[in-house]
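Inspection log for the structure reproduced underneath, given as structure tokens.
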Amino acid sequence: MSQSSLNDIFRSYTNKVGLFKDKNALSSDFTPDNIPHREKQIEELAHVIAPVLRNEKPSNIFIYGKTGTGKSLCIRKVTSSLEEAAKESGRKVKIIYINCKMKKISDTEYRMLTNIISFFGENVPFTGLPTNTLYQKLTKHIENYGGSVIFVFDEIDALLGKVGNEILYTITRINQDINSSGSKITIIGISNKVGFIDQLDPRIRSSLSEEEMVFPPYNAQEIKDILEARVSMAFNENTVEYGAIRKCAALAAQENGDARKALDLLRVAAELCEREGKTTVNESYINKAQAKIDKDRVVEVVKSQPKHSKIVLLSMIKLYGKSQKAMQTGDVYMLYEKLTNQYGLKALTQRRVSDLISELDMLGVINASIVSKGRYGRTRKINLQLNPDLIKIMTRTLAYEFPESFLNV
DNA sequence: CTTCCACAGGAAGGTCTGGCGG
DNA sequence: CCGCCAGACCTTCCTGTGGAAG
């Protein structure tokens, strides 16, 4: 690229009035003053936790709703105004908001506890101590606090199994143990899996769902309202065509009424548009944005996979390249073994590879389902229903790490 | 109806890393 | 320095299973 064209790029940025007025308004952690179509839920939530202001213990709440239905947003809104109200009336209220899905931060029992304790101002070593010690520390902190402590566990379904049961059970038990100290604990659980509550330990289940709330998916009309409100905040006037908004809403409504998705689409579309130097976002950019989001996600995931997982994926791409049709675990494993040998690596067991395959499935890189072929066994049918473009990109991503000869087997 | 394939996927345990406190 | 701990990542061993073929 010549120097002058580089100058052009920068000049065009400074001279032109951009599309965006405040891009922040499209980000997923932006809390607008007004949350459309959630007035009822917000009111109900407020009623449930209001007793805090009278030093009474509110019911625990369990909130269910699909991704992008405004659960976290409403909770954030309600808890922050509760904090304000508490400050005015001199009540002690502490909100402990934990997103359980945060990798490396709150996805294990130990890390979760570290995270919670940090809300009380103590920094615990991120490894090394026995969990027991952490539980003791936490109990002490809550006892000493002498006010209302509200735990918000967002995406609580991410800690299914032992981790979740252990933590939730202990926290509910702390509540009973410290009755005398004046501290009160309330738990708000947020999940996007319907069946989550049934998979919990019965002792926790009843206590967690004293109060239940459902956030229904937004329909296309509602998403359109949301988008319009945000568009006027985020963009300069007359930069987004109505058709683009409609398209966005339609796409997002298809995907379980996910408003976050709609906002992402719009943001990416506008970024693409801006990059091309155009001044109005129209429908075609929404389509491009959709494709870009999908592509970026897959590429990102593939890049961050560990080596063996990449080789497994490579095996699948090669098999797919040959036959263009679905394959099964055994086929993939055979090729995988061959490849690892060539690379001078020790192959993992089939048991492990089976897990890697199902991980790739969950990450949406491949599409696998269990099928029974009667006499010919029961296995995973693996499909790479990716477009050729994506397969090319994946191969290139993988080729970056493996020698050329390796790729042409 | 039974058989039997080709795995799925649970359980338990091993090994390694990074880090604690004494 | 030691012994201990949590967690990531694997292996070993295992039981379970949908449905075409016989």
Side-chain angles (χ1 to χ4, degrees), chain A residues 98-118 122-141 157-171 193 195 198-201 301-316 319-320 323 325-341 343-363 365-384 401:
Chain A
I98 309 269
N99 186 329
C100 308
K101 228 180 199 162
M102 297 274 275
K103 283 240 162 80
K104 304 280 178 188
I105 295 182
S106 50
D107 54 350
T108 69
E109 193 180 8
Y110 188 94
R111 290 206 261 261
M112 172 73 86
L113 286 165
T114 316
N115 200 351
I116 294 174
I117 290 171
S118 75
E122 181 178 353
N123 281 320
V124 198
F126 67 88
T127 167
L129 299 182
T131 20
N132 228 331
T133 317
L134 295 200
Y135 276 121
Q136 284 162 19
K137 280 176 185 291
L138 177 59
T139 313
K140 199 162 286 165
H141 277 301
D157 40 318
L159 10 124
L160 260 180
K162 191 176 169 275
V163 187
N165 278 332
E166 209 75 14
I167 292 178
L168 295 173
Y169 180 62
T170 314
I171 290 178
K193 287 210 189 89
D198 304 317
Q199 293 180 44
L200 276 176
D201 193 305
V301 170
V302 171
K303 272 191 194 154
S304 64
Q305 286 308 299
K307 201 178 338 170
H308 282 281
S309 189
K310 280 178 178 158
I311 301 177
V312 170
L313 186 57
L314 187 61
S315 314
M316 294 192 283
L319 284 174
Y320 181 78
S323 67
K325 50 182 201 246
M327 58 205 97
Q328 62 188 51
T329 307
D331 308 336
V332 176
Y333 188 70
M334 261 164 40
L335 184 53
Y336 160 82
E337 262 188 315
K338 217 169 100 187
L339 290 178
T340 43
N341 284 336
Y343 199 45
L345 284 170
K346 195 165 168 289
L348 300 176
T349 54
Q350 181 162 339
R351 177 71 186 82
R352 180 65 188 140
V353 169
S354 164
D355 279 348
L356 291 180
I357 292 174
S358 79
E359 266 167 48
L360 287 170
D361 180 33
M362 282 198 295
L363 289 165
V365 179
I366 59 169
N367 204 303
S369 55
I370 297 154
V371 291
S372 175
K373 298 188 297 159
R375 161 117 313 195
Y376 304 106
R378 204 161 162 274
T379 181
R380 262 201 199 84
K381 203 173 99 198
I382 302 158
N383 245 309
L384 286 175
E401 266 180 75

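Below, all heavy atoms of this structure are taken into account, side chains as well, without hydrogens, waters or symmetry copies. In what follows, chains are A, B, ... by sequence order, proteins preceding strands, each numbered from 1. The model shown is predicted, which means the values in this text are computed figures rather than measured ones.
One interatomic measurement links the two molecules: NZ of A:K381 to C1' of C:dG18, which rounds to 15 Å at whole-angstrom precision. The distance from atom CG of A:L134 to atom P of C:dC4 is 19 Å, rounded to the nearest whole Å. Regarding A:I311, its CD1 atom lies at a distance of 11 Å from the P atom of C:dC10, rounded to whole Å. In this entry the distance linking CG of A:N123 with C1' of B:dC20 reads 16 Å, nearest Å. The nearest whole Å value for the distance from the CZ atom in A:R352 to the C1' atom in C:dT11 is 10 Å. One atom, CG of A:L345, and another, P of C:dC9, lie 16 Å apart when rounded to the nearest Å. In this structure, the OH atom of A:Y110 is 16 Å from the P atom of B:dG18, given to the nearest Å. Between A:Y135 atom OH and C:dC5 atom C1' there is a gap of 15 Å when expressed in whole angstrom units.
Proximity of A:T108 to the phosphate of C:dA6: no side-chain N or O atom is located under 4.0 Å from OP1 or OP2. Residue A:T127 places no side-chain N or O under 4.0 Å from the OP1 or OP2 atom of C:dA6.
Side-chain contact check for A:E166 and A:Y135: no donor-acceptor pair (N or O, by modelled atom type) lies under 3.5 Å.
For the pair A:V332 and A:R380, the minimum side-chain heavy-atom distance is 4.5 Å or more. Proximity of A:S372 to A:R378: side-chain heavy atoms (C-beta onward) are separated by under 4.5 Å at one or more points. Looking at heavy atoms from C-beta onward, A:L134 lies in side-chain contact with A:T114 at the 4.5 angstrom threshold.
The nucleotide whose nearest atom lies closest to any side-chain atom of A:P125 is, among B:dC20, C:dT11, C:dA8, B:dC20. Here C:dC10 is the nucleotide among C:dC10, C:dG7, C:dA8 with the atom lying nearest to any side-chain atom of A:H308. Comparing B:dG19, C:dA8, C:dT11 by their nearest atom to the side chain of A:F126 picks out B:dG19. Here the side chain of A:L129 is nearest to one of C:dT11, B:dC20, C:dA6, namely B:dC20.
To the nearest 0.5 Å, atoms CG (A:N383) and CE (A:M316) are separated by 11.0 Å.
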* **Test side-chain contact (heavy atoms from CB on, under 4.5 Å) applied to A:D107 and A:K101, step by step** => CA-CA 6 Å; A:D107 54 350; A:K101 228 180 199 162; over 6 Å; no

* Sugar-phosphate atoms are those with a prime plus P, OP1 and OP2; base atoms are the rest. Using that split, label each nucleotide of nucleotides 6-17 of chain B B, S or - for protein heavy atoms under 4.0 Å, 5' to 3'. => BBSBB-------

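Between the A:S358 side chain and the A:D355 main chain, a donor and an acceptor come within less than 3.5 Å of each other.
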